[in-house]
Amino acid sequence: MPGRRLVLAYSGGLDTSVAIRWLKDQGWDVVAFTVDLGEKKDLDAIQARALKTGASAAYVADGRLPFLQLFVWPSLQAGAVYEKEYPLATALGRPLIAAMMVEVAGREGAQAIAHGCTGKGNDQVRFDVTTAALAPDLQVVAPVREWGMNRDDEIEYAREHGIEVPATVREPYSTDENLWGRSIEAGVLEDPWTEPPKDVYAWTRDPRSCPDEPTYVEVGFKEGIPISLDGKAAGPLEIVTTLNRVGGENGVGRIDHLENRLIGIKSREIYEAPAAVLLLQAHQALEDITLPKEVARFKDLVGQQWAQMVYDGLWFSPLRDALYAFVAETQRHVTGDVRLKLYRGSSHVVGRKGPQQLYQHALATYGKGDQFDQSAAAGFIKLWGMGVRTATQVQGQLHDRDLGKLLGDVKRLTP
Ligand code: ARG
């Protein structure tokens, strides 16, 4: 069918290289699209390979700053960690890539976008739903869901069609990376009883070969967004790349997650996310000292909801707008500095302060300058405990409380 054009998310790997050719054979004019999210790839080589493999045009976009500012920072403010483990690097990258592709599809007059995701993963959902949200009329084509080829078939297909087989084919794992983290799965990791071998890690050092002395870093935040490192103003890219490096050198940011995919499958993924782990930890510490108790507790739930929303491909949804309205409101006083201590695979918050912190020394201190009215406590507690006292008086003992047993053998001494 002539005049059919689509925009393919092109990584330069085997799947999407084979996809260019396969889509062409299906009658599509293929425009390749590659986004730099900080994965240090040779983008010129990828662009050249796209054209060589049969794309009629090949785009390369720099998505690093929008990724951090529009996707990562709001998620950091929300405190988004999926299932208490995963800072969502891959999940945050997909809606940005898809949104950019929708834009390119408009410019190129394309009828569809295409991606190389399998039918078993989360990433297909993120591409498909983003497209549906932003351009409901665009079709989504996912060759890997259709062609029924396994890896060996694909290599064979590539050889038959003179497609250069990318070097990544020899890698023992499937990986994805961007500035917010690196995701590693498949190979021996598919056995959840197997400890990740050393070759899984590329960003983080084994704790045994980390520096002997701890490293300190100080992160400054304004309204929940990082703005400085060690007291010096720094932009998003500098902050994240520096923390990835420094964290990695100290072995911080390794995560082994047995996760629940949206598609009802459990899977095991390893993550390396030094900057994400450090920033989430620092941001949490600043919230601890600046957020009122009730806000902090409710915000925890919102953060979990945010994480699930991102994981499940609903970045572009009314839910995010609604959740962000809440998150933004909570961040007004989340300004200040956090000091972290990194040492052999661990990181600890060792200092936090903010100009509008709710921690008040005069109230908390047991030392000089105590302004707390101790006598007020008795009346407060009398009312606080009223319900429990009443229950015991009216209904008797609430639980089986054989206090004699609890006491056991005691030593009693008299003069
Ligand atoms: N499980 C992660 C997610 O759904 C990462 C997916 C991509 N992982 C990979 N190794 N290619 O967000």
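One-based numbering, in listed order, for ligands and for the atoms of each.
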Give a yes or no on whether the backbone of Glu272 and the side-chain of Thr204 come within a donor-acceptor separation of less than 3.5 Å.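 Not at all, since once roles are kept as given, no pair shorter than 3.5 Å links the two residues.
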Would you find a donor on one side and an acceptor on the other, under 3.5 Å apart, between the side chain of Ser347 and the backbone of Tyr343? no
Name the atoms and distances for all side-chain donor-acceptor pairs under 3.5 Å in residues 354-363, with sequence neighbours left out.
residue : atom : partner : partner atom : Å
Gln356  : OE1  : His333  : ND1          : 3.3
Gln357  : OE1  : Gly354  : N            : 3.0
Gln357  : NE2  : Tyr359  : O            : 3.2
Gln360  : NE2  : Gln357  : O            : 3.2

Residues in side-chain hydrogen bond (donor to acceptor under 3.5 Å, both in side chains) contact with Asp29, at least two apart in sequence or another chain: Arg5, Ser56
Would a 4.5 Å heavy-atom cut-off, applied to side chains only, mark Asp128 and His115 as touching?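 Contact flag for Asp128/His115 side chains = yes.
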Taking only residues two or more places apart in sequence, or in another chain, which ones meet Arg297 in a side-chain contact (heavy atoms from CB on, under 4.5 Å)?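 Per chain and number, Arg297 pairs via side-chain contact (heavy atoms from CB on, under 4.5 Å) with Lys293.
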Between ligand 1 and the protein, which N/O pairs are shorter than 3.5 Å?
residue  : atom   : partner : partner atom : Å
ligand 1 : 1 (N)  : Glu259  : OE2          : 2.6
ligand 1 : 1 (N)  : Glu269  : OE1          : 2.7
ligand 1 : 1 (N)  : Tyr271  : OH           : 3.1
ligand 1 : 4 (O)  : Asn122  : ND2          : 2.8
ligand 1 : 4 (O)  : Arg126  : NH1          : 3.2
ligand 1 : 4 (O)  : Arg126  : NH2          : 3.1
ligand 1 : 8 (N)  : Glu269  : OE2          : 3.0
ligand 1 : 10 (N) : Ser174  : O            : 2.8
ligand 1 : 10 (N) : Ser183  : O            : 3.4
ligand 1 : 10 (N) : Glu269  : OE2          : 2.8
ligand 1 : 11 (N) : Ser174  : OG           : 3.1
ligand 1 : 12 (O) : Tyr86   : OH           : 2.6
ligand 1 : 12 (O) : Arg126  : NH1          : 2.9
ligand 1 : 12 (O) : Arg126  : NH2          : 3.1

